[in-house]
Student: 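One structure, as structure tokens, below. Some questions next.
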Amino acid sequence: TEVLVEEALQNIEGACQILDIGIGSGAIAIAIAHEKQETMVVGIDISEAAVALAAANARRNGVDDRTDFKVGDLRELPGGPFERSVSNPPYIRHGDIETLMPDVRDFEPVGALDGGADGLDAYRAITRQAPALLKNGGRLLVEIGIDQASEVRQLFTEAGFVDIQTRNDYAGIPRVVGGMKK
């Protein structure tokens with residue numbers, strides 16, 4: 001996830017509004033708000049408990065004045081315009097959830113893991129809506145699962161994104177796909 005945050009922070013100049021889709025604990029949004037003092041991060045999550053936790057974490061980290069977390073579904077994203085949108089969505093194939101390590105499988109909410117039969121359901125919903133949420137030149141950045149880079153890149157292409165790039169994590173595994181709205 002640190003690679004997603006690093007990519008999100010690239011080339012941000014001045015005041016900027018970012019959308020974090022599926023905030024969970026708020027780690028991504030809080031890291032961005034902490035690093036970029038003029039940035040406002042709007043975050044959504046379907047879980048009321050996650051939104052409450054993220055808000056508490058933002059207060060604890062002194063960025064609650066630059067974060068705005070709300071309950072929301074990734075199938076109905078809030079209006080923008082945003083300079084960036086980031087997400088670490090559910091991307092595990094439904095049939096693979098039982099094979100995950102117990103410290104993930106037994107403690108993460110299933111909704112934060114289950115990406116549908118092929119693991120791509122959230123990416124389809126996000127790429128379908130993102131062009132309407134982003135300013136021209138805005139970037140969409142998503143964390144991906146192992147072996148999902150080509151499929152997610154194709155979804156970005158189909159949604160009209162350009163300058164589509166993949167970045168590896170520190171183990172050399174493709175982990176982030178990003179693209180720009182033209």
Student: With a 4.0 Å cut-off on N to O distance, would you call R175 and D169 a salt bridge?
Tutor: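 A salt bridge links R175 with D169.
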Student: If we check side-chain contact (heavy atoms from CB on, under 4.5 Å) with K181, which of these qualifies: V162, D163, L134, L133?
Tutor: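 When V162, D163, L134, L133 are each tested with K181, the side-chain contact (heavy atoms from CB on, under 4.5 Å) holds only for L134.
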Student: Has E98 got a side-chain atom pairing as donor or acceptor with G95's backbone, closer than 3.5 angstrom?
Tutor: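 Absent.
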Student: Ion pair present between R124 and D118, side-chain N to carboxylate O less than 4.0 angstrom?
Tutor: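 The answer is yes: the pair qualifies as a salt bridge.
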Student: With side chains defined as the heavy atoms from C-beta onward, is the minimum distance between I21 and L19 less than 4.5 Å?
Tutor: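 Yes; the side chains approach each other to less than 4.5 Å.
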Student: Is there a donor-acceptor pair closer than 3.5 Å between any side-chain N or O of E83 and the backbone N or O of Q17?
Tutor: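 Side chain of E83 to backbone of Q17, a donor-acceptor pair under 3.5 Å: yes, one is there.
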Student: So do the side chains of T127 and E158 get within less than 4.5 Å of each other, counting heavy atoms only?
Tutor: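 Not touching, per the 4.5 Å side-chain cut-off.
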Student: Measure from the side-chain N and O atoms of R66 to the backbone N and O of M40, and report whether any donor-acceptor pair falls under 3.5 Å.
Tutor: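 Here the side-chain-to-backbone pair does not exist.
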Student: Using atom types as modelled and distance alone, determine if a side-chain donor or acceptor of E38 lies under 3.5 Å from a backbone N or O of A15.
Tutor: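 At least one qualifying donor-acceptor pair exists.
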Student: Would a distance-only check, ignoring hydrogens and angles, find a side-chain to backbone donor-acceptor pair under 3.5 Å from Q148 to G145?
Tutor: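 Side chain of Q148 to backbone of G145: a pair is present.
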Student: Is there side-chain contact between K36 and L9, with heavy atoms separated by less than 4.5 Å?
Tutor: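 A side-chain contact exists here, since the closest heavy-atom pair is under 4.5 Å.
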Student: For V176, does its backbone N or O pair with a side-chain atom of E143 as donor and acceptor, under 3.5 Å?
Tutor: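 Not a single qualifying donor-acceptor pair exists.
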Student: Do the charged groups of E6 and R167 touch, with an N to O distance under 4.0 Å?
Tutor: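 A salt bridge is present here (some side-chain N lies under 4.0 Å from a carboxylate O).
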Student: Check this for me, if you would: do D45 and K70 make a salt bridge, where the nitrogen-to-carboxylate-oxygen distance has to be below 4.0 angstrom?
Tutor: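 Salt bridge flag = no for K70 with D45.
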Student: If we only count heavy atoms from C-beta on, is the L113 to L100 side-chain gap below 4.5 Å?
Tutor: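 SC-SC contact between L113 and L100 confirmed.
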Student: Would a 4.5 Å heavy-atom cut-off, applied to side chains only, mark I12 and R84 as touching?
Tutor: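 Yes, close enough: below the 4.5 Å cut-off.
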Student: Do V63 and I44 belong together in a cluster built from hydrophobic side chains that touch within less than 4.5 Å?
Tutor: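 Looking at the clustering, I44 is in a separate group from V63.
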